[in-house]
Protein chains: 2
Amino acid sequence: MKAAAPITINGLKASCSQCNLVELCLPFGMSEDDLNRLDELVGARRKIKRQHSLYRAGDTFEAIYAIRAGSFKTDVLLEDGRDQVTGFQMTGEILGLDGISTESHSCNAIALEDSEVCVIPYAKLEELSREVEGLQHQFHKVMSREIVRDHGVMMLLGSMRAEERLAAFLLNMSQRFTARGFSPAEFHLRMTRDEIGSYLGLKLETVSRAFSRFQEEGLVSVQQKHIRILDAAGLKRLLQHQSGSR
Amino acid sequence: MKAAAPITINGLKASCSQCNLVELCLPFGMSEDDLNRLDELVGARRKIKRQHSLYRAGDTFEAIYAIRAGSFKTDVLLEDGRDQVTGFQMTGEILGLDGISTESHSCNAIALEDSEVCVIPYAKLEELSREVEGLQHQFHKVMSREIVRDHGVMMLLGSMRAEERLAAFLLNMSQRFTARGFSPAEFHLRMTRDEIGSYLGLKLETVSRAFSRFQEEGLVSVQQKHIRILDAAGLKRLLQHQSGSR
DNA sequence: CGCTGTGTTGAGACGTCTCAAAGGAAGTGG
DNA sequence: CCACTTCCTTTGAGACGTCTCAACACAGCG
């Protein structure tokens with residue numbers, strides 16, 4: 001992990017009303033009028049270089065962030081040095097919600113590639129969402145979605161075996177790429193095997209072996225970080241036939 | 001699991017301003033004035049008998065619930081029949097936040113003992129929190145806290161071994177009992193070994209063995225569901241000395 | 001071109017699961 | 001209140017999956 005965080009503030013003010021990520025992002029489902037008011041809210045954009053952090057555990061919480069370009073991981077650290085990736089975030093997704101509870105962040109958000117986020121000052125968000133019902137509602141949905149997502153991960157970590165976890169991960173990535181207009185079957189992972197492993201509660205070797213196994217069985221074609229899903233149905237079958245485990 | 005849900009609606013209207021759980025519940029930190037307005041919001045109380053559900057996955061989302069007495073578990077079901085406990089909730093804690101995102105619940109909430117909740121109609125909550133800044137802020141904190149808590153569980157499931165998980169679980173329970181004015185060292189678990197195991201991603205036998213081991217080592221005294229913590233520092237040490245694992 | 005970070009593969013160790021049996025607690029109905 | 005059933009818990013022995021350690025291959029980058 002690299003040191004602090006050389007941050008570039010981009011003079012450009014973000015504009016939700018003109019952003020092509022609306023359907024994926026906080027403004028989803030809001031009316032035209034409401035959308036225009038959102039533009040008041042969103043502050044400057046901020047560029048984050050690969051491997052640098054958007055915020056770190058312990059930082060004072062001041063804003064949440066919408067990913068405009070690129071991707072991130074979030075991870076938490078235990079006192080003894082162990083750490084775990086708690087999520088991977090893609091364009092349109094919101095970062096920083098963990099900070100609201102204690103007014104300081106509880107995890108690190110690190111860019112997996114050169115990225116750009118829209119800064120949404122939290123005080124302003126609360127203020128505006130008292131006036132704009134649609135915004136309030138969407139914001140609550142975003143938080144709730146995060147909770148539901150986390151439950152899914154808990155399910156995965158608590159009751160699936162290695163290959164099931166990886167299959168679930170790949171299908172999830174595929175679905176999220178699809179939602180962003182990319183191919184459901186072919187994509188480029190931005191994270192390392194180690195990061196995937198940390199997220200899935202596995203060692204990198206186990207992830208690697210599972211990839212190899214999927215390849216042998218003709219489910220996917222793997223070339224480093226480039227993934228092609230050859231048999232999505234087969235991957236789904238892996239998940240449903242409860243392959244034993246806990 | 002028992003059938004549907006024989007629910008008793010209690011005529012008593014709940015009153016936050018007079019409830020002794022304020023410091024643990026949604027109203028925490030709100031002003032006297034704000035608190036009085038909260039009383040408009042909270043609907044009737046509802047009693048749920050042991051083993052019966054407050055809501056089930058798929059139910060239309062209409063309200064969130066504050067636990068007034070008793071305790072609950074939440075669990076999610078996978079298509080193949082596997083299920084996993086995603087959390088245990090005690091008095092003052094909020095249930096149902098998962099429902100906001102899709103307007104229908106994504107997990108089951110089941111009473112571990114005869115319990116009572118305050119029903120907080122969600123539409124009203126949104127409405128009132130547009131007027132009462134303190135309420136809005138607290139509600140957001142509650143949701144955020146849930147996200148942070150989930151990350152902790154992911155950490156536990158992804159990177160701890162059996163005994164560490166159980167130690168973390170016991171310390172967490174102890175801390176929550178303490179916050180409710182009970183002894184930090186002696187308490188009664190409401191859930192079975194199987195439910196603990198499901199929550200911790202372990203089989204019930206493994207949970208049982210870990211309990212026995214703790215007892216042998218003089219860390220706790222276990223008699224069925226009655227737990228006495230004899231060496232809290234020892235349990236904490238278990239967590240920090242990274243005992244290997246993933 | 002060599003360096004460094006990343007990914008693959010193998011063999012053995014270790015932790016948790018599975019299956020099985022039995023004891024104990026709690027609840028039910030006579 | 002006791003006998004009965006049922007559920008819950010404990011414990012053991014062996015199976016199985018993932019981890020650990022180690023060596024090597026490969027890609028990207030200066």
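In what follows, chains are A, B, ... by sequence order, proteins preceding strands, each numbered from 1.
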What I'd like to find out is whether the side chain of A:L235 reaches to under 4.5 Å of the side chain of A:V220, using heavy atoms alone. yes

Flag side-chain contact, heavy atom, 4.5 Å: B:V119 against B:Y65: yes

Taking for B:F211 and for A:V207 the nucleotide of DNA chain D with the nearest heavy atom, the one nearer the 5' end belongs to B:F211

With a 4.0 Å cut-off on heavy atoms, is B:S208 in touch with a base, just the backbone sugar-phosphate, or nothing at all? base

Rounded to the nearest Å, what distance is computed from the CE atom of residue B:M160 to the P atom of nucleotide C:dG15? 17 Å

Between D:dT20, C:dG15, C:dT18, which nucleotide has the shortest distance from any of its atoms to the side chain of A:K203? D:dT20

Quick check for you: among D:dT9, C:dG7, D:dT18, whose closest atom lies nearest to any side-chain atom of A:T206? D:dT18

How long is the line joining CG of B:L157 and P of C:dT16, in whole Å? 13 Å

Which one, D:dT18, D:dT11, C:dG15, comes nearest to the side chain of A:L202? D:dT18

Ignoring the backbone of A:T192, work out which of C:dT16, C:dG7, D:dT18 is nearest its side chain. C:dG7

Using a strict 4.0 Å threshold on nitrogen-to-oxygen distance, state whether A:K236 and B:E79 make a salt bridge. no

Which label fits B:H105 and B:F61: parallel for a plane angle under 30°, tilted from 30 to 60°, or perpendicular past 60°? perpendicular

Atom CG of A:L166 and atom P of C:dG7 are separated, to the nearest Å, by 13 Å

Rounded to whole angstroms, how far apart are CE on A:M191 and C1' on C:dG5? 17 Å

When the distance from CD of A:Q51 to P of C:dG5 is rounded to whole Å, what number comes out? 11 Å

Measuring from the side chain of A:R193 (C-beta onward, heavy atoms only), which nucleotide among D:dT10, C:dT8, C:dT16 has the closest atom? C:dT8

Measure CG/A:L204 against C1'/D:dT20 and give the value in whole Å, please. 11 Å

Using a strict 4.0 Å threshold on nitrogen-to-oxygen distance, state whether B:E93 and B:R145 make a salt bridge. no

Could you tell me the separation between the CZ atom of A:R190 and the C1' atom of C:dT6, rounded to a whole number of Å? 16 Å

Tell me whether the side-chain N/O atoms of B:K225 come closer than 4.0 Å to OP1 or OP2 in C:dA26. no

Counting only heavy atoms not in A:R213, do more than 12 sit closer than 6.0 Å to its CZ atom? no

Expressed as a whole number of angstroms, how long is the span from B:H226:NE2 to C:dG24:C1'? 18 Å

Which pairs with one or both residues in residues 176-205 of chain A pass ring-ring contact (aromatic ring centres under 6.0 Å, His included), sequence neighbours excluded? A:F88-A:Y199, A:F177-A:F187

What does A:S212 touch in the nucleic acid at a heavy-atom separation under 4.0 angstrom: a base, only the sugar-phosphate, or nothing? sugar-phosphate

Can you tabulate the close N/O pairs, meaning under 3.5 Å, that link protein atoms to atoms of nucleotides 21-27 of chain D?
residue	atom	partner	partner atom	Å
D:dC21	N4	A:E205	OE2	3.1

